[in-house]
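Written out below as C-alpha cells is the structure these notes cover.
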Amino acid sequence: MEKTNRHIPTRTLLKRFIPYYYKYKWLLLSDLLAAGLTTVCELVLPLIVRRITNGALGTAGALTAGLVLRMGALYILLRIVDAGANFYMQSEGHIMGAKIETDMRHDLFHHLQQLSFSYYNNTKVGQIMSRITSDLFDITEFSHHAPENFLISGIKMVISFIILGGMNIWLTLLIFAVLPFMVYFTRFFNVKMRQAFKESRHQVGEINAQVEDSLLGIRVVKSFANEQLEERKFDVNNAEFLRLKKKRYYYMAGFGTSTRIHDGLMYIIVVVAGALFLINGRISVGDYTAYLLYVSTLLNSIRVLVDSTEQFQNGMTGIERFCEIMDAPAEIKDNPGAKPIENVRGEVCFDHVGFHYSDDEQHEVLGNIDLVVKPGQNVAVVGPSGGGKTTLCNLIPRFYDVTAGRITIDGRDIRDITLDSLRNSIGMVQQEVYMFSGTVADNIAYGKPGASRQQVIAAAKQAGAHEFISQLPRGYDTYVGERGVKLSGGQKQRISIARVFLKNPPILILDEATSALDNESERLVQQSLEKLAHGRTTFTIAHRLTTIRNADVIWVLTENGIQEQGSHRELIARGGIYAQLYAMYTENGTVT
C-alpha cells in the first residue's frame, strides 16, 4: 500500500465511525450519564464554598455549625456519587471501547479476505498488520474518552457560563471572549498534528514491513552475510520515524503553548477585572472566590481536552487508515443473481478470453484464447516464462476476472457462479507451498475444515505422505514451524497434495508443483500428482517438460497466445516451438 496524501475530513470520518456505537448505545448512554454525574459533582463544590464564604461575611449568625455540617455532608455525598460514577466510566467505558475495536478489527479482516490478488500485489503485509493492530488499539481509548471529554467539557462550559453570568455578566463575557481565539489556534494545530500523526503511522507500517521482510528471509540474509545491510536499511526507516515524531512533537508543543497562553489570559482577567469589580462593590467576596474556583474548573476541563488531543488525533488517524482499507474495492465478488454450481462434470471453456492487469491496461497478458477442455481431460500448459501460463489458470477460480470474453464451467459463465462454490470445485497445488502455523494434521485438514482424523490420514496415504508423517516426532501432531520450516520441500508438497485429496475437487490446477524439488522428491510427488489427477479435469503448468509427456493435450502459450496444441507425439512430430523447448530439457539435447 503506497503512502497516500488523501485527506478524509473529520466530519466524514465521524459519520463512518459513529454507527459502531449503535450496537452499544445503552452502554454509551450509561457511560455518558456517569460522566455527567462526575461533572455535576465537581461543579457543586464552588457553590458550597460561595455559600459558606458569603455566610461568614454576612450578618451575624448567618454562618452556623449546622450549615457547615450540612454543606460538609453534601460534599461527602457528592464525592461518593463521583467515585461510583468514575469507577463505572473507567471499567464499562473502556470495555465498550474494546468491543468497538473488536468489531472494527473483525470488519477489517473480513474485508481483507474479500480483496483480490491485485490489492495484495501492491500492498505490503507490514502496512496491513500495522493497520489491523496498532491503529485499532488507539480506537479503544478514543471511542471511550472522546464522548466523555466532550460531554464533560461542554457541561462545564455551559453551566459555568450560566452560574457566572448570574453573578456578573460582564466579567463572564470578558472571560469567555478568550475562547474564540483558543478555538482558532486549536483548529490550526489540530490540522497540522493530524497530518503528522498519519505520516508517523505510515512509517510504523514501513518499519513493520521491513522487519517482516528481513526476518522471514533471515536464512538468505545470513547465507549472504548481509546482516549489516539489513541493519542499515532498518536504521534508515528508524531515522525517518524519528524525524516524523520530532515534527509531530513540535506541533503538539505549539498547541500546548498556545493553550497555556490563553489559560494565563483567562486567569489574569479574573484576578484583575474581578478585583476591580470587587472594589466597586459589583461582586461579593463569595462570588469572587467562586469565580476563581470556576475558572480553575473551566481551565482544568480545557487542559483535559488538550491532554486528550494526542489521543483524539491518534484515534482519528486510526479511523482514517481503517477507512482507507475499507474503501479499497473488492474487485472479485459474486455477481447479482449468482448461484452455486453442483455436480460439476469439469468441462472448461475459454471463449475468446483476454486479460490485462488493471494497473497496466496497455499490456495485454492474454488475448483471444479460445479453447475447450473436456471433463476429465488432462491439459498441460507450457511455454516461455512471462507467457501467461499461471495467469491463464488463475482466471479459472477467478483470482482475477477476464477483461474480454468469458470462461465457462459446464456451460455456465464462472461470473454467474458463487465464488465459494466455484473455488470449492477447484483444487490447486502450487510450486510455493504455504504451511500454516500448527500441526501436520491441521495443515492437511485445511482442505476440508472439520474433517475427522481418519479422513486426514486417508488423504495423507493417497498423497504418499503417511509414511514420512508417521516417522515425525509426534506424527500428525508434529508442529511444522512457521511456514513449515521444519519440513523439506518434498514433504511440504505432499502435504499440500493431501489437502487437495481431502478437498476432492472435480477440477485440478497444478502450477509447477515439482519444479523446485530434487529428483527423488520429484519422483515421489509426481506419483502422488498422477494419482490425484486421475478422473479429474486437470491443468498442469510445467517447466520440466518430461513430466507432462502423458498429458491428453499440450497447449504452447507464448506472448502471442496459444501457438500450438496437441499431444506430445504430435507436437514433437511437428517440430515447432514445443519440439524446440523439449529438446532443451532432454538430457542429450536432442528431440525424441
What are the two closest non-hydrogen atoms of Ala445 and Leu502, and how far apart are they?
CA-CD2, 3.7 Å
Is there a donor-acceptor contact under 3.5 Å from the side chain of Lys503 to the main chain of Ile426?
yes
Pair Leu27-Ser30, side-chain contact (heavy atoms from CB on, under 4.5 Å): steps then yes or no:
CA-CA 5 Å; Leu27 184 55; Ser30 60; 4.1 Å; yes
Do Tyr24 and Asp31 have side-chain N/O donor and acceptor atoms under 3.5 Å apart?
no
Salt-bridge criterion met for Arg321 and Glu324 (N-O under 4.0 Å)
no
Just distance, no hydrogens or angles: give the donor-acceptor pairs under 3.5 Å from side chains in residues 334-342, sequence neighbours left out.
unit_1	atom_1	unit_2	atom_2	d
Asp334	OD1	Leu419	N	2.7
Asn335	ND2	Arg415	O	3.1

Do the side chains of Val500 and Arg536 get nearer than 4.5 Å, heavy atoms only?
no
What distance do Phe501 atom CZ and Leu508 atom CG have between them, rounded to the nearest 0.5 Å?
9.0 Å
The test is side-chain contact (heavy atoms from CB on, under 4.5 Å); show your working for His145 and His94 and say whether it passes.
CA-CA 8 Å; His145 287 297; His94 276 105; 3.4 Å; yes
Quick one: closest heavy-atom pair of Met96 and Ser143, and the distance?
CE-O, 3.7 Å
Going from OG1 on Thr102 to CG on Asp107, what distance comes out if it is rounded to the nearest 0.5 angstrom?
11.0 Å
Answer whether the closest heavy-atom distance between the side chains of Tyr249 and Met252 falls below 4.5 Å.
yes
To the closest 0.5 Å, what do you measure between NE2 (His106) and CD1 (Ile132)?
11.0 Å
What one should report as the nearest heavy-atom pair of Arg423 and Ile332 is NH2-CG2, 3.8 Å
Is it the case that over 12 heavy atoms from other parts of the model lie below 6.0 angstrom from the CG atom of Asp420?
no
Closest approach of Ile396 and Ile414, non-hydrogen atoms and distance?
O-CD1, 3.5 Å
Any side-chain to backbone donor/acceptor pair from Asn238 onto Phe234? Under 3.5 Å, distance only.
no
Tyr120 OH: over 12 foreign heavy atoms closer than 6.0 Å
yes
Thr39 vs Ile159, test: side-chain contact (heavy atoms from CB on, under 4.5 Å). Steps then yes/no.
CA-CA 10 Å; Thr39 306; Ile159 293 181; 5.9 Å; no
Decide if atom NZ of Lys233 counts as having more than 12 heavy atoms of other residues, nucleotides or ligands within a radius under 6.0 Å.
yes
Does Phe185, at its CZ atom, have more than 12 non-hydrogen atoms belonging to other residues, nucleotides or ligands within less than 6.0 Å?
no
Look at the side chain of Arg499 and the backbone N and O of Asn443, then say whether any donor-acceptor pair between them is shorter than 3.5 Å.
yes
Non-hydrogen side-chain atoms of Tyr21 and Pro147 separated by less than 4.5 Å
yes
Could you give the distance from CG (Leu244) to CD (Gln203), rounded to the nearest 0.5 Å?
6.0 Å
Does some side-chain heavy atom of Leu14 sit less than 4.5 Å from a side-chain heavy atom of Met316?
yes
When you compare the side chain of Leu108 with that of Phe322, does any pair of heavy atoms fall below 4.5 Å?
yes
Who passes ring-ring contact (aromatic ring centres under 6.0 Å, His included) against Tyr476, sequence neighbours left out?
His466
Is His144 reaching over with its side chain to a backbone N or O of Met89, donor-acceptor style, under 3.5 angstrom?
yes
Going by heavy atoms in the side chains, are Glu199 and Lys247 under 4.5 Å from each other?
yes
For Thr38 and Asp82, indicate whether the former's side chain and the latter's backbone hold a donor-acceptor pair under 3.5 Å.
no
Output for pair (Ser496 OG, Gln493 CD), nearest 0.5 Å, gives 4.0 Å
Atom pair OG1 (Thr391) and CD1 (Ile541), whose distance is rounded to the nearest 0.5 Å:
8.5 Å
Verify side-chain contact (heavy atoms from CB on, under 4.5 Å) between Tyr20 and Ile139, making sure each step is shown before the conclusion.
CA-CA 11 Å; Tyr20 282 98; Ile139 289 177; over 6 Å; no
Side-chain donor or acceptor of His111 paired with backbone N/O of Ile325 under 3.5 Å:
yes
Using a 4.5 Å cut-off on heavy atoms from C-beta on, say whether the side chain of Arg494 contacts that of Phe468.
yes
Residue pair Ala460 / Ile444: nearest heavy atoms and the distance that separates them
CB-CD1, 4.1 Å
Does Tyr119 reach the side chain of Ile128, with side-chain heavy atoms less than 4.5 Å apart?
yes
Taking CG in Asn343 as the centre, count heavy atoms belonging to other residues, nucleotides or ligands within less than 6.0 Å. Is the count above 12?
no
Only one of Asp511, Ile509, Leu532 passes side-chain contact (heavy atoms from CB on, under 4.5 Å) with Val429; say which it is.
Leu532
Of all heavy-atom pairs between Phe355 and Tyr400, which one has the smallest distance, and what is that distance?
CE1-CB, 3.6 Å
So, Asp477 and Arg453, do they make that salt bridge, N to O below 4.0 Å?
yes
